[in-house]
Structure formats: structure tokens, C-alpha cells
Enquirer: 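First the structure, which I've put down as C-alpha cells, then a few questions once you've had a look.
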Amino acid sequence: MLDIKLIRENPEKINELLKRRNPELSIDEVLQIDTQRRAVQTEADELRSKRKNESQKIGELKKQGQNTDEIQEEVRKIGDEIKILEEKEAEFDEKQRTLLLNIPNTPDETTPIGTSENDNKIVCGCGEPTEADFELKPHWDIAEEKGIVDFERGVKLSQSRFILYRGKGAVLERAIINFFLDVHTKEHGYEEILPPVLVNSAAMTGTGQLPKFAEDMYKCENEDLYLIPTAEVPVTNIYQGEILNEEDLPKYMTAYTPCFRREAGSAGKDTRGLIRVHQFNKVELVKLTTPEQSHEEHLKLTKDAERVLELLELPHRRVELCTADIGFSAQKCFDLEVYMPSYNGYKEISSCSNFGDYQARRANIRYREKSSGKVQFIHTLNGSGLAVGRTLAAILENFQQSDGTIKIPRVLHQYTGFDVIE
RNA sequence: GGAGAAGUGGCCGAGUUGGCUUAAGGCGGCACCCUGCUAAGGUGUUAUAUGGAGUAAUCUGUAUCCAGGGUUCGAAUCCCUGCUUCUCCGCCA
């Protein structure tokens, strides 16, 4: 959520930044509501003040045994007026909040300006695209042949885009999860979190999934509970409504969770294999920082995610997303992409975003500045570290051998207990 | 799931025959003072949100005693609903 005061004071600037995302975005309507809202509030405040004073007088008069019928009647009329104004106030509040919740974050000044994903900037690469003197198979064929993913029975149990891992496939998936968590907790200093995978609408609103993206999520019937689309939601919302101490920042947290996405609107995209499914595993990195720290911490977080790709020896690159492609709540974002022979190109495997105070404002997460004692919003960051299913797919494709076997990356041996899939 | 009790500021805790309570008292935090250092002591200060006035320091209004409704001239205090916590019972991995 954007700061209404900031909007009020710098309307042109905010508008300009929003239009970098999408020329149709504008804060004009919310500004208009804000003006009306404040007028009503001032009026109501004055009446409330009057009622308070008059009521006190009634108390005193009654103590002296005087008749107060007349003044009581007057104050009752004030009360009626206040009631009408309060209804208006609530209406404007609600309207303003709804508008604000549906306005995306302003892009960071350094986010490249663009109109589509074609304007994203490739920042750096690592490793050459895998080549071989035999035909590289797509991971869905490998997985099927080796019997490590049972696509058909996964569909039978649920519906299309649900995955059933078995045998070495299940072990490899679990090995990758443990490897990721170990690297981030032991080498990068993150605290491991194991959160609920069902959260309420307040949490979903805090990180920006609600109200705008309700149709992307699975919701429980008759309950205010949603399946999380990413661990970002529960982990970022841990401190919802709280005031942290400056010395507790930055906070590093990592969590493995399954993630659930309806993938509404992506029919026909990535229909085969492990790339786009309704339930997948992911290890997420979340940081809570002061405003001063967030930029540097964002770079560090991205490196933390890149580090596991390096350890796995998977060819990859970093892309800086342009203003048209960054997520709704983000102000700046790097994607990490892994090379996938089946796509003859790179595929997103991590998305590392800096949200500034946008999520903190929604979730009301603040900290007390030590020097001044002032309370202000924290900054939130997160990134995949990494998507597990896509990592498994990348390993299958990039580590296939001419004899048809799949080598397991060295760093995973201690987790899998085997070094090849035959 | 059933029965009881309770939810007050960073924490503990008073206030529940409605008005003088944003809220006593204590702890903790912060600032200053004092004794050679330490310990102890003294004084003061210590919520958040949102309006208005002012270039600003600042002054000032309103709201908030779990949340949302209601009663009343007036609600931390009375009534209703919900949520959460605790105790007991049931169930269960």
C-alpha cells in the first residue's frame, strides 16, 4: 500500500512512477476521495469534541441536582449528526483503503523502464548452456522413463498439473529441499521457519495477494483460510502488527513449504513436466530490514539464491526485470533463470524482490529507530532459494549422460545417498 | 466438540454501583543530577493512529482499554456477536 501522505504531497511524482508500470495507472481518484474524507473527519471531530464537553457538563449539573432534560435533548441531536457523519467517514475510509490496496507499488528509480518482458535486462550469466553430442531429452521424458515421476497417476489423484514423485524422484526432491535449507541456514545465516500452509485473509492482504489476486489462490470452503502460493506470505506476516527493535534488524528467515497456485490464465503454457504445476515445493528466503539496509540486502539475498545454483553447477543467469514485468508489490526485482535444454533457453527458477515499505504498510510491520525513538515501517524482501521442482527438472536435463543415465550433482550426494539415476 | 474463567499501555497490574481515567501503581526503557569508580539513590520522561494551524520548533482536535455492533446526553465500565488465551472434560497424530 502506498503512503497516502506521500501521494498527497507528491502526486505528480507518484503518478509518473506508476505510469512506468502501466500508463493506465493513476492516483487521481484516491486523491479525490482523500480530500473528501478529511473534510468529513474534521467536521465529525469538531462535533465529537462538542459532545464530549457538553456531556461532561450534564454530569456536573446532575451532581448539583439540576434538571438536564433540555441540554440532554440538544446533545442527543449532536449525537444524531455525528452518527450520520461517522457513516460517511467509514464509507470514505473503506473506499480509500480499497483503492489503495489495488494500486501496485511504485517501481524503484533504478528499475529499468519497459513495456514488456522483452525489456528485461540480462545482468550476468554463469556457466555455458549445456550441449551434448547426443540428443538431450526433455525432463518429462526422462522422469517418465526412469519412473521417478508418475504424471498420469498424479492427475488421477487430483487433476492435471498435479505431480506424483516416486522412488529416487521423491528422494531427490527431498534431498534438494534439505540442501537448500542447509546452505541458507548454515552458510548464509537464515533462521529456518516451518510455517502453516493455510493462512487467513489478513495475511494474504499483508503481502499483496488479496484483494486483487483472489482467483489465483485455493480457498477453503466456509473458512477464512487460503492455501499459500508461497512461503513469503506466512513468513513475511510473522510480525504483522508488531513494532520491532532496530537492533533486531535485519532479520533473515528461510522456509520450505509446498506452494499452491491455481494458475488461472496460464492454460496451454508449460503444459508438460514439472515447470508449471498447481502444487510445488519451494524454499523461500525472506528478509526484514530497515529502509537504509534494503537495497544492499536485496543484492545479498539474490546472491544467496545464486549461490545454490553455482553449487549445483547449473548454467544460469540473472535478469533485472523492467517496470512492466515486476510483481504487483515489488519496486525492484531480479529473476534467476536456469538453462533448460528442452526450452532451448532459460527458465525462471527464482524471483528476488525488494518491496520497500509497501508490504510493511499493508501488514503494519514497523520498527523503533534506536537513535530517535521514532516508529517507522520496515522494508521487506524475498526471493526463491529456490523452486525445488524446477531445480529437479533442470538437474534431469542438464546432467543427462550419453548412456542415458542421470548424474547427481556432487553437493547432493550426501543428501540422496546415490550419485546416479539409471 | 462441551463446560467455566479471562482479554487494559513494552511488560506486570488497578479500575467493572457508567461522567473528574489515555487510563493509578510497579517493572523495564530513555535523559539529567548526585556520591572518586561500581552498586545504590534523586528528578523528569516514556503509546499509536489520524485531522487542523504554522516555513519550522511547536500548538491543538479526534480515535483507540481484543474486534465489531448496540444501549445512553455520556461506555474500559452495561448488553449482543465474533476472535483469542487459560482450566476441566471429550476426541485425536
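Sequence lines set the chain letters: A, B, ... in the order given, protein chains first and strands last, and positions in each chain run from 1.
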Enquirer: Here's one to test your reading of the geometry: is the NZ or CZ of A:Lys219 within 45 degrees of the ring axis of A:Tyr226 and under 6.0 Å from its centre?
Expert: yes
Enquirer: Name the pairing partner of B:U43, where a pair is Watson-Crick or G-U wobble with both distances under 3.5 Å, or state none.
Expert: B:A31
Enquirer: For A:Lys5, answer base if it contacts any base atom (sugar-phosphate contacts may also be present), sugar-phosphate if it contacts only those atoms, and nothing otherwise; contact means non-hydrogen atoms under 4.0 Å.
Expert: sugar-phosphate
Enquirer: Take A:Arg48 and A:Gly79, find for each the nucleotide of RNA chain B with the closest heavy atom, and name the residue whose nucleotide sits nearer the 5' end.
Expert: A:Arg48
Enquirer: Pick the C1' atom in B:A67 and in B:A76, then give their distance to the nearest Å.
Expert: 14 Å
Enquirer: Extract, from 5' to 3' on RNA chain B, the first and final nucleotides lying under 4.0 angstrom from some heavy atom of chain A.
Expert: B:G19 to B:G74
Enquirer: Have A:Asp150 and A:Tyr165 got a donor and an acceptor in their side chains that come within less than 3.5 Å?
Expert: no
Enquirer: If the P atom of B:A6 is compared with that of B:C80, how far apart are they to the nearest Å?
Expert: 14 Å
Enquirer: Examine A:Lys212 relative to A:Phe328 and say whether NZ or CZ is less than 6.0 Å from the centre of the six-membered ring and inside a 45° cone about the ring axis.
Expert: no
Enquirer: For B:C11 and B:A47, measure between their P atoms and round to the nearest Å.
Expert: 14 Å
Enquirer: Which one of A:Glu369, A:Arg366, A:Arg368 satisfies the side-chain hydrogen bond (donor to acceptor under 3.5 Å, both in side chains) criterion with A:Gln376?
Expert: A:Glu369
Enquirer: Relative to the 5' end of RNA chain B, which residue comes earlier, A:Lys83 or A:Arg368, by the nucleotide with the nearest heavy atom?
Expert: A:Arg368
Enquirer: Say we look at B:C65 and B:A14: how far apart would their C1' atoms be, to the nearest angstrom?
Expert: 12 Å
Enquirer: So what's B:U55 paired with, Watson-Crick or G-U wobble, going by both distances under 3.5 Å?
Expert: none
Enquirer: Taking atom P in both B:C89 and B:A75, what distance in whole Å separates the two?
Expert: 42 Å
Enquirer: Under a 3.5 Å limit for both distances, which nucleotide forms a Watson-Crick or G-U wobble pair with B:C86, could you say?
Expert: B:G4
Enquirer: Using a strict cut-off of less than 4.0 Å between a Lys/Arg side-chain nitrogen and an Asp/Glu carboxylate oxygen, indicate whether A:Asp34 and A:Arg37 qualify as a salt bridge.
Expert: yes
Enquirer: Please state the P separation for the pair B:U81 and B:C20 - nearest whole angstrom.
Expert: 29 Å
Enquirer: Let's test this: given Watson-Crick or G-U wobble pairing with both distances under 3.5 Å, identify the partner of B:U50.
Expert: B:G61
Enquirer: With rounding to whole Å, what would you report as the distance between B:U17 and B:G13 at their C1' atoms?
Expert: 23 Å
Enquirer: Counting the atoms with a prime plus P, OP1 and OP2 as sugar-phosphate, which does A:Lys63 contact under 4.0 Å by heavy atoms, base, sugar-phosphate, or nothing?
Expert: base
Enquirer: Which whole number of Å gives the distance between the P atom of B:A56 and that of B:G51?
Expert: 16 Å
Enquirer: Would A:His379 and A:Tyr358 count as a close aromatic pair, with their ring centres under 6.0 Å?
Expert: no
Enquirer: For B:C78, which nucleotide is its Watson-Crick or G-U wobble mate, given both distances must be under 3.5 Å?
Expert: B:G70
Enquirer: Provide the Watson-Crick or G-U wobble partner of B:U17, both distances under 3.5 Å; none if there is no partner.
Expert: none
Enquirer: For A:Glu54, answer base if it contacts any base atom (sugar-phosphate contacts may also be present), sugar-phosphate if it contacts only those atoms, and nothing otherwise; contact means non-hydrogen atoms under 4.0 Å.
Expert: nothing
Enquirer: Counting Watson-Crick and G-U wobble pairs only, both distances under 3.5 Å, name the nucleotide matched with B:C37, or none.
Expert: none
Enquirer: Paired with B:U22: which nucleotide, if any, by Watson-Crick or G-U wobble criteria at under 3.5 Å for both distances?
Expert: none
Enquirer: List the atom of A:Lys332, the atom of A:Thr110, and the distance in Å for their closest heavy-atom pair.
Expert: NZ-OG1, 2.8 Å
Enquirer: Do A:Arg410 and A:Glu313 sit within salt-bridge range, that is, some charged N less than 4.0 Å from a carboxylate O?
Expert: yes
